[in-house]
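Below is one structure, written out as structure tokens; the observations come after it.
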There are 2 protein chains.
Amino acid sequence: MVTERLREDIIEGALAPGTQLSEVELAKSFGVSRGPIREALQRLIQEGLLRGEPHRRVSVPVLTKEDVADIYLARTALESAAAQSVIASGKSEETFRQLDRNVRAMDSAEAAGDWEAVKRHDLEFHTVLVAASGSRRLQRMFSTVISETRLCVGALTAEEARHHQEGESPGEGTHRKISEMIRDGNTAGALEALKKHFDDAVSVLTSRDSESDAEPASTR
Amino acid sequence: MVTERLREDIIEGALAPGTQLSEVELAKSFGVSRGPIREALQRLIQEGLLRGEPHRRVSVPVLTKEDVADIYLARTALESAAAQSVIASGKSEETFRQLDRNVRAMDSAEAAGDWEAVKRHDLEFHTVLVAASGSRRLQRMFSTVISETRLCVGALTAEEARHHQEGESPGEGTHRKISEMIRDGNTAGALEALKKHFDDAVSVLTSRDSESDAEPASTR
DNA sequence: CGTCTGCTGACTGTTGACATTTGACAAGTG
DNA sequence: CACTTGTCAAATGTCAACAGTCAGCAGACG
């Protein structure tokens, strides 16, 4: 449970990238001993949400543009495989219904200007897609990489989010296209739509000036 | 370092699938305290090499046929993405040279009947492919799934390995075909060859009678 | 003045011991 | 005889304390 709270703190942006974490400090703030803290840190390091070297304090990673591109490369690999698997195993219809629910939710949230809800249903869409594959390993790998994604988009401003969603309102959104391709069993089309979707996301995320491989911010 | 040794013990098959591990026992056998043991177990659990539930002893997983299929589905996803990335970034030639070195090594090892070496170079081939992608996340995910693969093939007998390699000697091996497709920049062909390669592997591994979802063996 | 050496402080890695929970065995009961 | 219940050993989760290591700094030396 301490792992969960720490993970949320990192993802939500409560801990700025570059921050260095001390085990004793965390232990005090969580009211537990260093043992559970160490376990939580280990897990988060293996999930890629923290970086740690021996005898050095763990730190929240600062994601370079290369990292963002790499994260989305990994997501392309995972979600493409999931889409193929879903279509191949004939679960297109069922999956489409779940996917479409999130597409609609995203549309209405967007109309209402609730960008938090848009992000939430965006994540949910992709999670549903991978879960529909039924592959435990795909899901396991996805859960770690989606955490890193949240680390990227967590800092997105409403303006940037709006820019990303542009042209998605009428019925031409890439999410909608992906779900329809899956419904129709069009594997090649789904893969192409996924790749385009992620390429767009990468260009939005890497277009801003920050996020370069600048030196980490100072601590305390 | 204790993680490494434990990992090897599991992969090499020194610890039979279904075996339940006690922290105190491991601590005694490794000559360290329970702290490092717990950390090692946590890592291996997250790598999928061990299963653990709260307040329950961790155990070496017994892989069902579904697990084997799932592992290879994950590998297909990862290595397909790696191959695409390698071709797209124009590193086909360079990668081919590294790949071909392992193909030749496999051929000669096969001729010599050294199945251990065949397995080693097989693993090395796929590791090189993923490493050539330059994607840290692809490599990270691959390293965990390749461990599970070693867990599968670790128990392979020479006879079964030979059967798997059948028809690979003259120059028609699927490894060779994959590497050549990459050299030629034939993305679709490489993906197809990879898929066929893994499908073959799955049918070999799931054809034997054991490996079903039988109840775990007794402990101690 | 620049560089190197030795020290201080803090933090991590590890240890042994304590509290809590689980699974099983045995006794009791309808 | 089957089922429930009480008890107990063993294993896990947690804690506070000890030893080893690294970053930073003051001072000495060329």
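Every value quoted in this text rests on a predicted model; they were computed, and no experiment measured them. Here is the naming used below: chain letters follow the sequence lines, and residue numbers restart at 1 for every chain.
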Checklist entry - Which atom pair, heavy atoms only, marks the closest approach of A:A109 to A:A117? => result CB-CB, 3.7 Å

Ignoring hydrogens and angles, write down the donor-acceptor pairs under 3.5 Å from the side chains of residues 84-91 of chain A, residues two or more places apart or on other chains.
from: A:S89; atom 1: OG; to: A:S85; atom 2: O; distance (Å): 2.8
from: A:S89; atom 1: OG; to: A:V86; atom 2: O; distance (Å): 3.3
from: A:K91; atom 1: NZ; to: A:A132; atom 2: O; distance (Å): 2.9

Checklist entry - For the residue pair A:F125 and A:H175, does the interplanar ring angle fall in the parallel (under 30°), tilted (30 to 60°) or perpendicular (over 60°) class? => result perpendicular

Next on the checklist: As a quick check of understanding, evaluate side chain to side chain donor-acceptor pair (under 3.5 Å) for B:Q46 and A:R43, giving each step before the final call.
Outcome noted: CA-CA 8 Å; B:Q46 277 221 325; A:R43 286 192 207 182; over 6 Å; no

Checklist entry - Are the aromatic ring centres of B:H197 and B:H126 under 6.0 angstrom apart? => result yes

Next on the checklist: Distance under 4.0 Å to a non-hydrogen atom of chain A counts as contact; along DNA chain C, which nucleotides mark the start and end?
Outcome noted: C:dC11 to C:dT14

Checklist entry - Mapping A:P54 and A:V32 onto DNA chain D by nearest heavy atom, which one lands closer to the 5' end? => result A:V32

Item to check | Euclidean distance, atom CZ of residue B:R57 to atom C1' of D:dA9 [Å, nearest integer] | outcome: 12 Å

Checklist entry - Quick one: B:L26 CG to D:dT12 C1', roughly how many Å, whole number? => result 13 Å

Next on the checklist: Tell me the interatomic distance from A:H55, atom NE2, to D:dA19, atom C1', rounded to whole angstroms.
Outcome noted: 11 Å

Next on the checklist: Any donor-acceptor pair under 3.5 Å linking the side-chain atoms of B:Q42 with those of A:E39?
Outcome noted: yes

Next on the checklist: Can you list, in residue-number order, the parts of residues 39-47 of chain B that come under 4.0 Å of DNA chain C, counting heavy atoms only?
Outcome noted: none

Next on the checklist: Please report the distance, rounded to the nearest Å, between CD in A:Q20 and P in D:dA23.
Outcome noted: 11 Å

Checklist entry - So which of A:L44, A:L50, A:I45 actually passes side-chain contact (heavy atoms from CB on, under 4.5 Å) with A:E47? => result A:L44

Checklist entry - Expressed in angstrom and rounded to an integer, what is the separation of A:K28 atom NZ from D:dC15 atom C1'? => result 17 Å

Checklist entry - D:dT14 C1' sits how many Å from B:R38 CZ, rounded? => result 8 Å

Checklist entry - Where each residue is assigned the nucleotide of DNA chain D containing its nearest heavy atom, which of A:R34 and A:R56 is assigned the position nearer the 5′ end? => result A:R34

Checklist outcome for this item: So CE of B:M141 and CD of B:Q139: to nearest 0.5 Å the spacing works out to 10.5 Å

Next on the checklist: Strictly distance-based, threshold 3.5 Å: is any side-chain N or O of A:S133 a donor or acceptor partner for the main-chain N or O of A:S135?
Outcome noted: yes

Item to check | Distance, rounded to the nearest Å, where A:I37 contributes CD1 and D:dA16 contributes P | outcome: 13 Å

Checklist entry - What does A:G35 touch in the nucleic acid at a heavy-atom separation under 4.0 angstrom: a base, only the sugar-phosphate, or nothing? => result nothing

